[in-house]
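Numbers here simply count residues along the sequence, with the first being 1.
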Amino acid sequence: MTENKKQIAILGSTGSIGTQALEVLSENDALFEVYALTANNNVDLLIEQSRKYQPEMVAIGNETHYQKLKSALSDLPIKVFAGDDSIAQVAEMEPIDIVLTAMVGYSGLRPTISAIKAGKKIALANKETLVVAGELICELAAQNNASIIPVDSEHSAIFQCLAGEGNNPIEKVILTASGGPFRTKSMHELEYVTSTQALKHPNWDMGAKVTIDSASLMNKGFEIIEAKWLFGVSSDQIEVVVHPQSIIHSMVQFVDGSIKAQLGMPDMKLPIQYAFTYPERLKTNFPRFDFNLCSQFTFEKPDLERFRNLEYAYYALDKGGNMPCILNAANEIVVAEFLKDKIGFLQMSDIIEDVLAKGDFIAKPTYHDYVMTDSMVRILTKEIIEKAHELTKKGHIGN
Ligand code: MN
């Protein structure tokens with residue numbers, strides 16, 4: 001460990017954001033050092049990354065991989081841990097300056113809370129953390145003086161637009177959405193799209209979960225909720241506009257009517273690097289956007305009839321309490337089932353709608369309530385899917 005270099009922990013180092021973050025860090029190795037890496041399941045890549053970046057410690061969530069990880073790194077002075085507890089503990093280690101939270105879904109909540117309690121600067125890529133428990137996270141961050149820098153490209157864009165604005169009031173934030181691979185598909189076509197088609201995102205290269213969320217616009221729904229907590233805006237101050245070129249990453253409109261936008265090529269390395277170097281900017285060799293090669297920017301209103309998830313996200317945001325946590329848990333289950341081609345694309349929204357109506361609402365949830373909500377809603381969602389399958393079967397027998 002080198003004293004004057006910023007010490008970085010990457011939670012979820014083997015995922016799409018994690019691997020790109022490591023590239024960013026190795027481009028700037030005079031300033032940053034990888035202190036800790038964690039992964040959930042991909043032990044082979046974690047071994048490879050550990051040998052290359054030589055962190056002080058590594059942790060793997062799935063304990064069955066412990067022996068393999070331990071013996072593969074036995075010739076190196078790297079501390080090896082396993083289990084979800086160890087990931088939360090790694091996140092609070094004293095020498096760490098910045099924790100990048102890049103794991104998928106609800107699993108990010110607990111380690112993010114430990115990093116915040118330890119007063120770390122958080123480079124937040126795991127948006128579900130703010131979706132599930134935004135109020136709690138913001139309270140804890142304020143209490144522990146932990147700053148949260150967004151890595152999500154839209155929120156990074158807004159964050160960049162706000163730099164230098166002091167306390168100038170925001171009139172609204174405008175989140176741009178690519179519209180995903182199914183933007184132009186009809187309702188009828190959407191009934192038959194497969195997970196393979198959904199995984200082909202036109203502009204962004206991302207992990208499977210966020211790519212499906214992107215196709216269903218749930219990703220944008222989560223980003224609305226994320227924006228509320230990051231920027232203190234209410235739901236009527238958050239607008240979504242479809243911008244298929246994905247060059248404008250998002251905008252802020254101030255009270256005088258002026259709109260600031262942040263533009264660039266769709267490349268997650270830029271927001272990742274900005275989160276590490278903020279408030280400074282470092283030179284990069286990333287491809288530059290060329291106005292001469294892009295003849296037009298277009299904008300559309302999102303279609304809430306074909307993409308109902310956006311509406312459910314606004315509903316959950318307005319309802320507050322544990323409703324966004326209910327939304328997230330239901331979504332994690334339906335996405336997993338859709339990826340296995342067990343349910344259809346439009347069925348995902350049907351089931352989510354059902355779960356939002358049936359889940360137990362808690363207006364002022366504690367951390368324990370969130371944990372309970374998450375596990376209860378997963379069970380409830382699976383039951384609803386099960387019932388839907390039985391009905392289909394019966395229907396077939398009836399025929
Ligand atoms: Mn995003």
Discussion item. As a quick check of understanding, evaluate salt bridge (charged side-chain N to carboxylate O under 4.0 Å, His left out) for Glu337 and Lys340, giving each step before the final call.
Written reply: CA-CA 5 Å; Glu337 294 298 299; Lys340 289 185 268 179; 3.2 Å; yes

Hits for side-chain contact (heavy atoms from CB on, under 4.5 Å) against Lys319, two or more places apart or cross-chain, chain-then-number order -> Tyr315, Met323, Phe361

Quick note, side chain to side chain donor-acceptor pair (under 3.5 Å) partners involving residues 104-116, not counting sequence neighbours, are Asp85-Arg110

Answer with yes or no whether the hydrophobic clustering places Phe231 together with Val241; edges join I, L, V, M, F, W, Y residues whose side-chain heavy atoms lie under 4.5 Å apart. no

With Lys127 as partner, the option from Asn328, Asp213, Asn219 fulfilling side-chain hydrogen bond (donor to acceptor under 3.5 Å, both in side chains) is Asn219

Margin query: Does Lys269 have more than 12 heavy atoms from other residues, nucleotides or ligands lying within 6.0 Å of its NZ?
Written below: yes

* Asked: Has Lys260 got more than 12 heavy atoms of other residues, nucleotides or ligands less than 6.0 Å from its NZ?
  -> yes

Closest heavy-atom pair, Ile10 versus Gly18, reported as atoms and distance to 0.1 Å, is CG2-CA, 4.1 Å

Notebook entry, point to check: Would you say the ring centroid of Phe291 lies under 6.0 angstrom from that of Phe289?
Noted result: yes

*asked:* Strictly below 4.0 Å, N to O, side chains only: are Asp75 and Arg51 in salt-bridge contact?
replied: yes

_Shared hydrophobic cluster, Met251 / Val242 (ILVMFWY, side-chain heavy atoms < 4.5 Å)_ = no

d(Lys172 NZ, Leu175 CG) to nearest 0.5 Å is 11.5 Å

| query | Can you find a pair of side-chain heavy atoms, one from Leu76 and one from Gln54, that are under 4.5 Å apart? | reply | yes

I want to check something: taking the side chain as every heavy atom from C-beta on, are Tyr312 and Leu327 in contact at a cut-off of under 4.5 Å?
yes

For the residue pair Ser86 / Gln89, report whether a side-chain donor-acceptor contact shorter than 3.5 Å exists.
no

The side-chain hydrogen bond (donor to acceptor under 3.5 Å, both in side chains) partner of His65 among Asn41, Asn42, Asn40 is Asn41

Check: Taking the side chain from Glu353 and the backbone from Ser349, do they hold a donor-acceptor pair closer than 3.5 Å?
Finding: no

Treating Asn28 as the side-chain partner and Val24 as the backbone partner, does any N or O pair qualify as donor plus acceptor under 3.5 Å? yes

Q) Is it true that a side-chain atom of His249 and a backbone atom of Ser156 form a donor plus acceptor pair closer than 3.5 Å? A) no

How about Glu23 and Thr19: does a side-chain donor come under 3.5 Å of a side-chain acceptor? no

Closest non-hydrogen contact found for Pro111 with Ala91 is O-CB, 3.7 Å

d(Asp354 CG, Ile384 CD1) to nearest 0.5 Å is 4.0 Å

Could you tell me if Ser258 and Asp256 have a donor-acceptor pair between their side chains, going purely by distance under 3.5 Å? no

Note to self: Using ring centroids (six-membered ring only for Trp), state whether Phe307 and Phe182 fall under 6.0 Å.
What the structure shows: no

- prompt: Any salt bridge between Arg308 and Asp350, counting N to O under 4.0 Å?
  reply: yes

In terms of heavy-atom contacts, Ser195 and Leu339 come closest through OG-O, 3.6 Å

- Just by distance, with hydrogens left out, do Glu280 and Thr277 show a side-chain donor and acceptor under 3.5 Å apart? no

- Mark yes or no for whether Lys5, through its side chain, and Asp29, through its backbone, hold a donor-acceptor pair below 3.5 Å. yes

query: Could Arg378 and Glu332 be called an ion pair, given the rule that one side-chain N must be under 4.0 Å from one carboxylate O?
result: yes

Does His368 use its side chain to pair, donor to acceptor, with the backbone of Met372 at less than 3.5 Å?
-> no

Heavy-atom nearest pair, Phe254 first then Cys161, reads CZ-O, 4.1 Å

Is there a donor-acceptor pair under 3.5 Å between the side chain of Glu165 and the backbone N or O of Leu162? no

### Query
Can you find a heavy atom in the side chain of Leu380 that is under 4.5 Å from one in the side chain of Lys358?
yes

* Val233, Leu124: one ILVMFWY side-chain cluster at the under-4.5 Å cut-off? -> yes

field: In one Ile/Leu/Val/Met/Phe/Trp/Tyr side-chain cluster, 4.5 Å: Leu217, Leu304
entry: yes

Under 3.5 Å: donor-acceptor pair, side chain of Gln49, backbone of Ser13
yes

Under the 3.5 angstrom rule, does the side chain of Lys120 hit a backbone N or O of Met93 as a donor-acceptor pair? yes

ask   = Should Tyr35 and Val90 count as side-chain neighbours, where that means a heavy-atom distance under 4.5 Å?
value = no

Taken to the nearest 0.5 Å, the spacing of Trp229 CH2 from Ile148 CD1 works out to 11.5 Å

Exercise. Met265 versus Leu270: any side-chain heavy-atom pair under 4.5 Å?
Worked result: no

> Just wondering, more than 12 heavy atoms not from Asn144 lying within 6.0 Å of its CG?
Replying inline: yes

So CD of Glu48 and OG1 of Thr14: to nearest 0.5 Å the spacing works out to 11.0 Å

The reported gap from CD in Glu171 to CD1 in Ile259 (rounded to nearest 0.5 angstrom) is 9.0 Å

Looking only at heavy atoms, the pair that brings Val240 and Ala177 closest together is CG1-CB, 4.2 Å

**Message:** What verdict does the side chain to side chain donor-acceptor pair (under 3.5 Å) test give for Gln245 and Thr298, after you've listed the backbone C-alpha separation in whole Å, the side-chain angles of each residue and the deciding distance to 0.1 Å?
**Reply:** CA-CA 7 Å; Gln245 295 80 25; Thr298 59; 3.0 Å; yes

- Just checking, is any N or O donor in the side chain of Ser178 or Asn203 under 3.5 Å from an acceptor N or O on the other one? no

Problem - Backbone of Gly105 reached by a side-chain donor or acceptor of Asn126 within 3.5 Å - result: yes

Q. Taking everything shown except Met376 itself, do over 12 heavy atoms lie less than 6.0 Å from its CE?
A. no

* To do: Could you tell me if the ring centre of Tyr66 sits under 6.0 Å from that of Phe81?
  => no

Taken to the nearest 0.5 Å, the spacing of Leu190 CG from Met348 CE works out to 10.0 Å

For this session: Please confirm whether the backbone N or O of Ser250 pairs with a side-chain atom of His155, one donor and one acceptor, at under 3.5 Å?
Result: no

Notebook entry, point to check: Taking the side chain as C-beta and beyond, is there a heavy-atom pair between Lys121 and Ile149 under 4.5 Å?
Noted result: yes

(message) What I'd like to find out is whether the side chain of Leu136 reaches to under 4.5 Å of the side chain of Ile113, using heavy atoms alone.
(response) yes

Less than 3.5 Å apart, which donor and acceptor atoms pair up between the side chains of residues 94-103 and the rest of the protein, not counting sequence neighbours?
unit_1 : atom_1 : unit_2 : atom_2 : d
Asp97  : OD2    : Gln7   : N      : 2.7
Thr101 : OG1    : Ala125 : N      : 3.4

Quick one: does Phe159's side chain get under 4.5 Å of Leu230's, heavy atoms only?
no

For Gly221 and Ala313 the tightest heavy-atom approach is CA-CB, 3.3 Å

